[in-house]
Visitor: 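Have a look at this one.
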Amino acid sequence: MNPNQPNHPTRARTLCRRLAAGLALLALGACSALSPGARPPPAFYALEAPPAPAGAVLPSGSNASTRTLIINPPQAAAGFDSPRIIYVREPHRLDYFAHSEWVEPPARMLGPLMVAAIERTGAFRAVVLTAGAATGEWRLDTEIIRLQQDFQTTPSRVRFTLRATLVDEGTRRVIAVREFDSSITATRDDPYGGVVAANRAVQGALADLSLFLSERPQ
């Protein structure tokens, strides 16, 4: 073999090694881009009942009516029936925060909060949240119309609207239909500021709902 002649096999092996190394680097870069660590994990938030005042005692029920209130699990309008946290920057358009979510759809978290708020009035013999065959004198159907952080104003505001329908279970007659709307200014223009404002808005609407129900003729 001519010592001055190029060694084609050796040269080919070198090229193959360089090509393999390049492909490995590309693959590593692609895996890094697709890795869960490349995106921050979502933050999860909850709607919660306010803490009871120190020394607070629930009504005994001695002054309550003999009626039982059955609460059907709350529903939500289209777009508001998922765990995604909604914000608005322009009319008629709903957007979602990329890395912030509710721990559950708001309608699912709302039911127990509603029961607790109504029970505190002492206006009913019992308040029961159920989708089953429980019986009572009155039934409450509710729907979340909106729960959104509005960035069309500065500072942003959170608006919560709940539609409530009260039905006489014995006659199937609708006793009353009413919307409860609560709007709270956020202390911060970010998802956490919206969550804090949302909790206050929900608490305000439920307080109004509870008062409305307690004032119904028993």
Visitor: If two hydrophobic side chains count as joined below 4.5 Å and joins carry through other members, does Phe212 share a cluster with Leu69?
Guide: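 Hydrophobic grouping puts Phe212 with Leu69.
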Visitor: With respect to Ser156, which candidate in Asp150, Asp189, Thr185, Thr187 satisfies the side-chain hydrogen bond (donor to acceptor under 3.5 Å, both in side chains) definition?
Guide: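 Exactly one candidate clears the test, Asp189.
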Visitor: Are the side chain of Glu101 and the backbone N or O of His99 linked by a donor-acceptor pair below 3.5 Å?
Guide: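 Not confirmed, Glu101 side chain does not pair with His99 backbone.
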Visitor: Taking all non-hydrogen atoms of both residues into account, name the closest pair between Val167 and Ile175 and its distance.
Guide: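 Closest approach of Val167 to Ile175: C-CD1, 4.1 Å.
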Visitor: Just wondering, do Pro83 and Pro105 contact through their side chains at under 4.5 Å, heavy atoms?
Guide: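 In short, these two side chains touch, coming nearer than 4.5 Å.
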Visitor: So do the side chains of Gln148 and Leu94 get within less than 4.5 Å of each other, counting heavy atoms only?
Guide: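 Side chain of Gln148 against side chain of Leu94, heavy atoms only: contact under 4.5 Å found.
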Visitor: Out of curiosity, Thr165 OG1 to Glu179 CD, how far, rounded to the nearest 0.5 Å?
Guide: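 If we round to the nearest 0.5 Å, Thr165:OG1 and Glu179:CD are 9.5 Å apart.
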Visitor: What is the distance from atom CG of Asp208 to atom CZ of Arg178, rounded to the nearest 0.5 Å?
Guide: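 Reported value, rounded in 0.5 Å steps: 7.0 Å.
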Visitor: Mark yes or no for whether Arg200, through its side chain, and Val196, through its backbone, hold a donor-acceptor pair below 3.5 Å.
Guide: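 It does not hold such a pair.
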Visitor: Side chains of Phe151 and Asp95, heavy atoms from C-beta outward: is any pair under 4.5 Å?
Guide: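 A side-chain contact under 4.5 Å is absent here.
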Visitor: Is Leu129 reachable from Met114 through a run of hydrophobic residues whose side-chain heavy atoms are each under 4.5 Å from the next?
Guide: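 Yes, Met114 connects to Leu129 through the hydrophobic network.
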Visitor: Minimum heavy-atom separation for Asp190 and Gln149, please, with both atom names.
Guide: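 Heavy-atom minimum between the residues: O-NE2, 3.4 Å.
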Visitor: From Glu104 CD over to Ser82 OG, what is the distance, rounded to the nearest 0.5 angstrom?
Guide: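 With rounding to 0.5 Å, CD (Glu104) is 12.5 Å from OG (Ser82).
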Visitor: Are Phe80 and Leu162 connected in the hydrophobic side-chain network, where two residues link if heavy atoms are under 4.5 Å apart?
Guide: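 Phe80 and Leu162: separate clusters.
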Visitor: Between Gly204 and Ser182, which heavy-atom pair has the shortest distance, and what is it?
Guide: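 Heavy-atom minimum between the residues: CA-OG, 4.5 Å.
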Visitor: Rounded to the nearest 0.5 Å, how far apart are CZ of Arg139 and CG of Asn72?
Guide: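 The CG atom of Asn72 is 5.5 Å from CZ of Arg139, to the nearest 0.5 Å.
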Visitor: Under the 3.5 angstrom rule, does the side chain of Asn199 hit a backbone N or O of Glu48 as a donor-acceptor pair?
Guide: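 Looks like yes, one N/O pair under 3.5 Å.
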Visitor: Assigning hydrophobic clusters by single linkage (Ile, Leu, Val, Met, Phe, Trp, Tyr; side-chain heavy-atom cutoff under 4.5 Å), is Leu140 placed with Phe160?
Guide: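 Result: yes, single cluster for both.
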Visitor: Quick one: pull up CD1 in Ile118 and CZ in Phe124 and give me the separation to the nearest 0.5 Å.
Guide: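 Those atoms lie 7.0 Å apart.
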Visitor: Would you kindly confirm whether Leu113 and Val128 end up in one hydrophobic cluster when ILVMFWY residues are joined by side chain heavy atoms under 4.5 Å apart?
Guide: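 The answer is no; the residues belong to distinct hydrophobic clusters.
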Visitor: Looking at Ala76 and Ala107, what are the two nearest heavy atoms and their distance?
Guide: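 For Ala76 and Ala107, the tightest heavy-atom pair comes out as CB-CB, 4.2 Å.
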Visitor: Quick check: do Leu211 and Ser214 have side-chain heavy atoms less than 4.5 Å from each other?
Guide: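 They are in contact (side-chain heavy atoms under 4.5 Å apart), so the answer is yes.
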Visitor: So how far is it from Leu147 CG to Ile85 CD1, rounded to the nearest 0.5 Å?
Guide: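 Output value for this atom pair is 8.5 Å.
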Visitor: Under 3.5 Å, is there a donor-acceptor pair between the Thr68 and Arg125 side chains?
Guide: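 The answer is yes; a qualifying pair exists.
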Visitor: Check the angle between the aromatic planes of Tyr45 and Tyr192 and answer parallel, tilted or perpendicular using the 30° and 60° thresholds.
Guide: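 Tilted.
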Visitor: Can you spot which of Arg159, Gln152, Arg146, Arg157 makes a side-chain contact (heavy atoms from CB on, under 4.5 Å) with Val88?
Guide: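 Running side-chain contact (heavy atoms from CB on, under 4.5 Å) over Arg159, Gln152, Arg146, Arg157 with Val88 returns exactly one hit, Gln152.
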Visitor: Give a yes or no on whether the backbone of Arg163 and the side-chain of Asp141 come within a donor-acceptor separation of less than 3.5 Å.
Guide: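 No, Asp141 side chain to Arg163 backbone: no donor-acceptor pair under 3.5 Å.
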Visitor: Do Thr130 and Ile70 have side chains that approach each other closer than 4.5 Å (heavy atoms only, starting at C-beta)?
Guide: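 SC-SC contact between Thr130 and Ile70 confirmed.
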Visitor: Any idea which heavy atoms bring Val158 and Ala197 closest together, and the distance?
Guide: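 Closest approach of Val158 to Ala197, heavy atoms only: CG2-CB, 3.6 Å.
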Visitor: Which heavy-atom pair separates Asp168 from Trp138 by the least distance, and what is that distance?
Guide: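 Closest pair (atom of Asp168, atom of Trp138, distance): CA-CD1, 4.1 Å.
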Visitor: Can you spot which of Leu110, Val202, Thr161, Asp81 makes a side-chain contact (heavy atoms from CB on, under 4.5 Å) with Ile144?
Guide: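 Only one option passes, and that is Leu110.
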